[in-house]
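The residues of the chain are indexed from 1 along the displayed sequence. Since the structure is predicted, the reported quantities are computational estimates derived from the model, not experimental observations. Worth knowing before you read on, the calculation uses all heavy atoms, side chains too, and leaves out hydrogens, waters and symmetry mates.
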Amino acid sequence: MSRPIFLDHHSTTPVNPNVLEAMIPFFSAVYGNPHSADHGFGWDAEAAVEAARRDVAALIGARSGEIVFTSGATESNNLALRGVATHLPSDRRHIVTSTFEHPCVAAVADLLESSGFSVSRVPPDRNGIVSSQAVAAAIRPETGLVSIMTANHEIGAIQPIGEIGTLTHQSGIAFHTDAAQAAGKIPLDVDALGVDLMSLSAHKIYGPKGIGALFVRRRPGLRLAPLIVGGGQERGLRSGTVPVPLAVGFGVAARFAGLTLADEAIRIGALRDKLKDELQAKIPELEINGGFDHRLPHNLNVKLPAIAAVDLLYLMKDRIAVSTGAACASAKLEPSRTLLAIGLSETEALASIRIGLGQETAETDIDVAVEVICEAWSRLSGSACQTAGIGN
């Protein structure tokens, strides 16, 4: 039996063949430590890391010296929030975030709150947008940090980061955004957006797992305490030897993402729209979760009537791979925090699935996905899919 069609590109992406090819020499032939300054082995490795740093920076309009390599977006988010919070003065220990951040950001906010910080959590609207007006209303004179994701990891809702960045800079507040889902999918420019810290992950953009980055703006007053201390690598913000093969892979993936972003957004967006239209034609009761105007082009999150999503996924597992939400929460039989935050009931949230298209997704995959979802839903709900409509 052939492998299922992979439609869970929010959770991860396959390593691009060009990325893999670029990485291979750095496992054996170019094996120096990039922090060894006494010989050519180290110099070659360092040059490769710095080239990768430039490529990652270019993807978000940053300068290479503002990129700190980490093990992934979870570490980047922890470093950003905990690192900034450590240096906040006693009269600026208030943090603003949203009610539907990625679990790693939410967990850090909870941790800081238990440590004596005050945290305000701003809810999104029904479309999944955290408005700049809502953030402005939550900001206080003692606010020292705002953290709002660039795009939601379940419903793909793109946030008004530029507007929020303007607000924070007017008040001298540090502004962090988790862009792990958005980078490589939509254009990002840290200067235009006004962010001070941005978290990235390589494996969301067809790079290797195990490496990410944190953009840290060089500006007076922005200080971070490291989570990992020791050798003082990465500007003293992340000690430890940078994994050269992974960094190289991240750089190539970032460069490739920048080159293909515009064309892929159009192609994948058209396939996503086809999927939406055909599913709605066959299952008229199906509803889209979140708004559709400000959404990542590869994202579709739908609520199906009269079924449990986990049962649907089980029936489809041999033909297509989709999910009920964030990969880190997939083992928990609990309703999505994101879907609850935009107003769905627990029953509605538990009847929803997230579909994420990718670079290898073809039109024939959409046809198969429509067929498989309709067959599984019909079997579980006892209702027949419509046979007339788009694609029939």
Side-chain angles (χ1 to χ4, degrees), residues 7-10 96-102 105-106 121-138 147-165 167 177-188 193 204 261 264-281 283-305 309 322-326 335-357 366 369 373 390:
L7 296 175
D8 192 22
H9 288 84
H10 301 84
V96 175
T97 186
S98 81
T99 58
F100 73 165
E101 294 294 315
H102 188 274
V105 171
R121 298 171 179 84
V122 181
D125 62 20
R126 292 282 303 192
N127 291 323
I129 303 298
V130 178
S131 71
S132 57
Q133 293 84 357
V135 173
S147 179
I148 303 292
M149 62 173 54
T150 309
N152 185 266
H153 53 292
E154 293 188 28
I155 59 173
I158 300 171
Q159 306 304 314
I161 298 302
E163 296 176 14
I164 297 171
L167 284 174
T177 187
D178 176 3
Q181 292 291 343
K185 311 299 190 303
I186 58 174
L188 297 176
L193 295 173
K204 306 294 188 181
L261 187 153
E264 274 297 286
I266 294 171
R267 187 189 73 85
I268 290 178
L271 290 178
R272 187 271 314 275
D273 292 350
K274 171 183 168 70
L275 177 61
K276 174 184 74 73
D277 292 343
E278 295 197 4
L279 283 175
Q280 287 183 316
I283 309 174
E285 304 94 336
L286 177 145
E287 296 181 14
I288 307 301
N289 293 324
F292 212 72
D293 292 336
H294 302 284
R295 195 182 198 104
L296 294 173
H298 69 307
N299 172 274
L300 188 65
N301 193 299
V302 299
K303 177 180 64 187
L304 296 117
V322 297
S323 70
T324 56
S336 156
R337 292 175 64 252
T338 289
L339 299 182
L340 295 179
I342 63 172
L344 271 67
S345 68
E346 290 193 5
T347 299
E348 290 172 325
L350 290 169
S352 299
I353 61 172
R354 179 185 71 175
I355 305 172
L357 282 58
I366 300 302
I373 292 171
I390 297 174

Tell me every residue that passes side-chain contact (heavy atoms from CB on, under 4.5 Å) with Ile288, counting only those two or more places apart in sequence or in another chain.
Lys276, Gln280, Leu286, Phe292, Arg295, Leu300, Val302
Closest non-hydrogen atoms of Gly290 and Ile155, given as atom of the first, atom of the second and distance, are CA-CD1, 4.3 Å
Side-chain donor-acceptor distances from residues 127-138 under 3.5 Å, at least two apart:
from: Ser131; atom 1: OG; to: Ala134; atom 2: N; distance (Å): 3.0
from: Ser132; atom 1: OG; to: Glu163; atom 2: OE1; distance (Å): 2.8

Asn289 vs Lys303, test: side chain to side chain contact (heavy atoms under 4.5 Å, CB included). Steps then yes/no.
CA-CA 7 Å; Asn289 293 324; Lys303 177 180 64 187; 3.7 Å; yes
Hits for side-chain contact (heavy atoms from CB on, under 4.5 Å) against Leu350, two or more places apart or cross-chain, chain-then-number order -> Pro335
For Glu285, the salt bridge (Lys or Arg N to Asp or Glu O under 4.0 Å) test, sequence neighbours excluded, returns none
Sorted by chain and number, sequence neighbours left out, side chain to side chain donor-acceptor pair (under 3.5 Å) with Gln159 holds for none
In Asn301, Asn299, Asp8, Thr324, the residue satisfying side-chain hydrogen bond (donor to acceptor under 3.5 Å, both in side chains) with Arg354 is Asp8
I'd like to check the salt bridge (Lys or Arg N to Asp or Glu O under 4.0 Å) partners of Arg337; sequence neighbours left out, ordered by chain and number.
none
Restricting to non-hydrogen atoms, name the atom on Pro297 and the atom on Ala265 that form the minimum distance, rounded to 0.1 Å.
CB-O, 3.7 Å
For Asp178 and Ala180, which heavy atoms make the closest approach, and how far apart are they?
OD1-N, 3.1 Å
Under the side chain to side chain donor-acceptor pair (under 3.5 Å) rule, collect the residues that match up with Glu346, sequence neighbours excluded.
none
Taking atom CG of Leu304 and atom CG of Leu279, what is their separation to the nearest 0.5 Å?
7.5 Å
Could you tell me the separation between the CD1 atom of Ile268 and the CG atom of Leu275, rounded to the nearest 0.5 Å?
12.5 Å
Measuring from atom OG1 of Thr177 to atom CD1 of Ile161, what distance do you get when rounded to the nearest 0.5 angstrom?
4.0 Å
Could you list the residues that satisfy side-chain contact (heavy atoms from CB on, under 4.5 Å) with Ala179, not counting sequence neighbours?
Thr150, Leu188, Met198, Leu200
Arg272 side-chain N/O to Ile355 backbone N/O, donor-acceptor pair under 3.5 Å
no
For residues Leu357 and Ile366, determine if any side-chain heavy atom of one lies less than 4.5 Å from a side-chain heavy atom of the other.
yes
To check you understand the geometry: which heavy-atom pair defines the closest contact between Ser352 and Ala309, and what is its length?
O-CB, 3.3 Å
Can you confirm if the aromatic rings of His153 and His10 lie within a centre distance of less than 6.0 Å?
no
Can a donor-acceptor pair be found, under 3.5 Å and without considering hydrogens, that links the side chain of Glu101 to the backbone of Met149?
yes
Ser345: partners by side-chain contact (heavy atoms from CB on, under 4.5 Å), with sequence neighbours left out
Thr347, Glu348
Any chance you could measure Leu339, atom CG, to Phe100, atom CZ, to the nearest 0.5 Å?
10.5 Å
Inter-residue atom distance Glu154.CD - Ile353.CD1, 0.5 Å rounding:
12.5 Å
At their closest point, which heavy atom of Ser98 faces which heavy atom of Ile148, and how far apart are they?
N-CD1, 3.8 Å
Run the side chain to side chain contact (heavy atoms under 4.5 Å, CB included) check on Ile164 and Leu193 step by step: do they pass?
CA-CA 8 Å; Ile164 297 171; Leu193 295 173; over 6 Å; no
I'd like to check the side chain to side chain donor-acceptor pair (under 3.5 Å) partners of Ser147; sequence neighbours left out, ordered by chain and number.
His176
Using only atom types and a distance under 3.5 Å, with no angle test, would you say the side chain of His9 pairs donor to acceptor with the backbone of Gly356?
yes
Hey, mind stepping through Ile186 and Ile158 against side chain to side chain contact (heavy atoms under 4.5 Å, CB included) and telling me if it holds?
CA-CA 9 Å; Ile186 58 174; Ile158 300 171; 4.0 Å; yes
